[in-house]
Novice: 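Please read through the structure below; I'll follow up with questions.
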Amino acid sequence: MSQREGITFLGQKTDNKFYTIPGIDYISHDDVLPYEQSESNQEPLHHNLFSKFLEKKSNKDNTWKYCSTNMLHQFHEDNFDSLRLRDVHVQTTNGVRITVYSFYMGCRQESPGKEHWWRYGILMENVGDVTVQLRERTWCIFSNADNKESVTGKGVVGQEPVLGPGQCFQYSSLVSLRSSAGHMWGTYLFEREDRKFINVSIPPFLLISKSAENLQS
């Protein structure tokens, strides 16, 4: 079992590959499309899939908007089971609210068996009245193969974010298991502005593959 920052496949088949961007937010198409911009001479994003997924159209007021193409709709339909969120978990401890979600990415054939991958996203919100800074994370990862692993390290994704009252920080990462299902939970260690330390719970959440989900249904 391990956690990594990058992976290059998505979906249920090992030959179904799609490049993902570490740290990208999980948002609905309806929240960002159509995307409008006032400057027509500059593309908002340089990527080889941009022109295939988004179509540029002009508005009557000389602004531009980008709308989803049939290819994007087809990609979403083909990978819906991998992309859709099943559960969102929220817990508040010592003035910090943690929201976590996960979804199944796919599997790879590794000796001596398959390695299943999930992406999870974390939103930290300071709902208290004092500034806090993240110092340490501790994860407990349990697989249905009766394997348990504890991971402790400084900060998250190379950062130790400072959160003032009302501020938030979001990131995503990856986890893999040798079994098709499991769950994980953990704790963040924050330092308050008065130099006191507080523990903030990360709510437990399931890691379940498509094959394991089919067995339960």
Novice: Less than 4.5 Å apart, side chain to side chain, heavy atoms only: is that true for Phe197 and Leu189?
Specialist: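 Of all side-chain heavy-atom pairs linking Leu189 with Phe197, at least one is under 4.5 Å.
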Novice: Treat each ILVMFWY residue as a node, draw an edge where side-chain heavy atoms are under 4.5 Å apart, and state whether Val162 and Ile122 are in one component.
Specialist: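 Not linked; separate clusters.
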Novice: Parallel under 30°, tilted from 30 to 60°, perpendicular over 60°: which one fits the rings of Trp118 and His116?
Specialist: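 Plane angle between 30° and 60°, so tilted.
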Novice: At what distance, to the nearest 0.5 angstrom, does CG of Asp194 lie from OG1 of Thr131?
Specialist: 10.5 Å
Novice: Using a 4.5 Å cut-off on heavy atoms from C-beta on, say whether the side chain of Val127 contacts that of Val96.
Specialist: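 Answer no - side chains too far apart.
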Novice: Does the side chain of Ile98 reach to within under 4.5 Å of the side chain of Val90, using non-hydrogen atoms?
Specialist: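 No, every pair of side-chain atoms sits at 4.5 Å or beyond.
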Novice: Work out which heavy atom in Gly128 is nearest to a heavy atom in Pro165; give both atom names and the distance.
Specialist: O-CB, 3.5 Å
Novice: Pair Phe190, Met124 - check side chain to side chain contact (heavy atoms under 4.5 Å, CB included), show working.
Specialist: CA-CA 11 Å; Phe190 282 87; Met124 309 173 182; 3.9 Å; yes
Novice: Is a side-chain N or O of Arg137 found less than 3.5 angstrom from the main chain of Lys154, in a donor-acceptor match?
Specialist: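 Yes, Arg137 side chain to Lys154 backbone: donor-acceptor pair under 3.5 Å.
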Novice: Roughly how far apart are Trp185 CH2 and His89 NE2, rounded to 0.5 Å?
Specialist: 13.5 Å
Novice: Tell me whether the count of non-hydrogen atoms from other residues, nucleotides or ligands lying under 6.0 Å of CG in Asn70 goes above 12.
Specialist: no
Novice: Can you tell me if Ser102 uses its side chain to pair, donor with acceptor, with the backbone of Leu206 under 3.5 Å?
Specialist: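 Side chain of Ser102 to backbone of Leu206: a pair is present.
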Novice: Out of curiosity, does Leu123 fall in the hydrophobic cluster containing Val175 (side-chain heavy atoms, cut-off under 4.5 Å, transitive links)?
Specialist: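 In one cluster with Val175: Leu123, no.
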Novice: Would a distance-only check, ignoring hydrogens and angles, find a side-chain to backbone donor-acceptor pair under 3.5 Å from Thr69 to Lys52?
Specialist: yes
Novice: Please report the closest heavy-atom contact between Ser68 and His73, naming both atoms and the distance.
Specialist: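 So the minimum-distance heavy-atom pair works out to OG-NE2, 2.8 Å.
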Novice: Is there a path of hydrophobic side-chain contacts, each under 4.5 Å between heavy atoms of I, L, V, M, F, W or Y residues, that connects Leu177 with Phe205?
Specialist: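 Yes, because Leu177 and Phe205 connect within a single hydrophobic cluster, where side-chain heavy atoms sit under 4.5 Å apart.
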Novice: Distance-only, no hydrogens or angles: does the Asn94 side chain make a donor-acceptor pair with backbone N or O of Asn199 under 3.5 Å?
Specialist: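 Yes, because the side chain of Asn94 sits within donor-acceptor range (under 3.5 Å) of the backbone of Asn199.
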Novice: Measure the spacing between CD of Gln74 and CE of Met71 and express it to the nearest 0.5 Å.
Specialist: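 It comes to 9.5 Å.
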Novice: Would you say the side-chain atoms of Asn126 pair up with the backbone N or O of Gln167, donor to acceptor, closer than 3.5 Å?
Specialist: no
Novice: Between atom SG of Cys67 and atom NZ of Lys57, what is the distance when rounded to the nearest 0.5 Å?
Specialist: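 One gets 4.5 Å once the value is rounded to the nearest 0.5 Å.
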Novice: Has the side chain of Arg119 got a donor or acceptor atom that lies under 3.5 Å from a matching backbone atom of Phe103?
Specialist: no
Novice: Using 0.5 Å steps for rounding, measure from the NE2 atom of His183 to the OG atom of Ser143.
Specialist: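 Reported value, rounded in 0.5 Å steps: 9.5 Å.
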Novice: Which atoms form the tightest heavy-atom contact between Cys168 and Leu163, and what is the distance?
Specialist: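 Looks like C-CD2, 3.7 Å.
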Novice: When you check the gap from the basic side-chain N to the acidic O, do Glu160 and Arg135 get nearer than 4.0 Å?
Specialist: yes
Novice: Between Ser179 and Ala181, is there a donor-acceptor pair closer than 3.5 Å when you use the side chain of the first and the backbone of the second?
Specialist: yes
Novice: Carefully, step by step, assess Tyr104 and Trp117 under the rule side chain to side chain contact (heavy atoms under 4.5 Å, CB included).
Specialist: CA-CA 6 Å; Tyr104 183 58; Trp117 288 85; 5.9 Å; no
Novice: Is the backbone of Gly121 close enough, under 3.5 Å, to the side chain of Ser172 for a donor and an acceptor to pair up by distance?
Specialist: no
Novice: Is there a path of hydrophobic side-chain contacts, each under 4.5 Å between heavy atoms, that joins Phe169 and Tyr120?
Specialist: yes
Novice: What orientation do Tyr171 and Tyr188 show, parallel under 30°, tilted 30 to 60°, or perpendicular over 60°?
Specialist: perpendicular
Novice: To the nearest 0.5 Å, what is the distance between NZ (Lys148) and CE (Met184)?
Specialist: 12.5 Å
Novice: Give a yes or no on whether Leu134 and Trp139 share a hydrophobic cluster (residues Ile, Leu, Val, Met, Phe, Trp, Tyr; joining criterion: side-chain heavy atoms under 4.5 Å apart).
Specialist: yes
Novice: Over 60° means perpendicular and under 30° means parallel, so tell me whether Phe75 and Phe53 are parallel, tilted or perpendicular.
Specialist: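 If you compare the ring of Phe75 with that of Phe53, the planes turn out tilted.
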